Amino acid sequence: MFGLFRRTPKAPADPHVKQDDAQTFRVRVRTRLHGETVEIRFTKQAHIAVADGGGYVFRKGVVSPQHFDRGEISVHFDDRYAVTHTEASGVEFIPVQVWED
């Protein structure tokens, strides 16, 4: 009645972050130097921290296993753990649509 119980629309999922279950997220990145693919899995309780400006953030240094290429990623979340944006340095995110499992 009057929109009292209407759900607010969920924010669109980020094309670079895959949510496996309620607690677990995954991203895949490609190193810029040699094009190596690295998968990073992280959870709400163990890896995501409270951000200074509100919401949550996951930051991780990335080192490729074969050539030791280095990079850094950060995934920013709102207060409901919806991804707001992603940033990468030295690596580039691989969209979930092109993952080969």
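The shown structure was predicted, so the numbers you read here are calculated from the model rather than taken from an experiment.
The shortest distance between side-chain heavy atoms of R28 and W99 falls below 4.5 Å. At a threshold of 4.5 Å between non-hydrogen side-chain atoms, the residues T24 and Q19 do not count as touching. Between I94 and T37, some side-chain heavy-atom pair lies under the 4.5 Å cut-off. The shortest distance between side-chain heavy atoms of V27 and E39 does not fall below 4.5 Å.
Across all their heavy atoms, Y81 and K44 have their closest contact at CG-CE, 3.6 Å. Nearest heavy atoms, A88 versus F93: CB-CE1, 3.6 Å. Here the closest non-hydrogen pair linking H47 and F42 is ND1-CA, 3.5 Å.
V98 and V17 fall into different hydrophobic clusters, defined by Ile, Leu, Val, Met, Phe, Trp and Tyr side-chain heavy atoms under 4.5 Å apart, directly or through other members.
With sequence neighbours excluded, the residues that form a side chain to side chain donor-acceptor pair (under 3.5 Å) with Q45 are Q23. The salt bridge (Lys or Arg N to Asp or Glu O under 4.0 Å) check on R30 picks up E92, with sequence neighbours excluded.
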Kindly list each side-chain donor-acceptor pair under 3.5 angstrom involving residues 51-66, sequence neighbours excluded, with atom names and distances?
from: S64; atom 1: OG; to: E36; atom 2: OE1; distance (Å): 2.9
from: S64; atom 1: OG; to: F68; atom 2: N; distance (Å): 3.2
from: S64; atom 1: OG; to: D69; atom 2: N; distance (Å): 2.8

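Put simply, CG on L33 and NE2 on H67 are 9.0 Å apart, with the number rounded to the nearest 0.5 Å. Rounding to the nearest 0.5 angstrom, the gap separating the OG1 atom in T84 from the CG atom in D79 is 10.5 Å.
Around CZ of R32, the count of heavy atoms belonging to other residues, nucleotides or ligands within 6.0 Å exceeds 12.
The aromatic rings of H85 and H76 sit parallel, their planes meeting at an angle under 30°, below the 60° perpendicular limit.
Screening T86, V91, V38 against I73 for a side chain to side chain contact (heavy atoms under 4.5 Å, CB included) leaves a single residue, V91.
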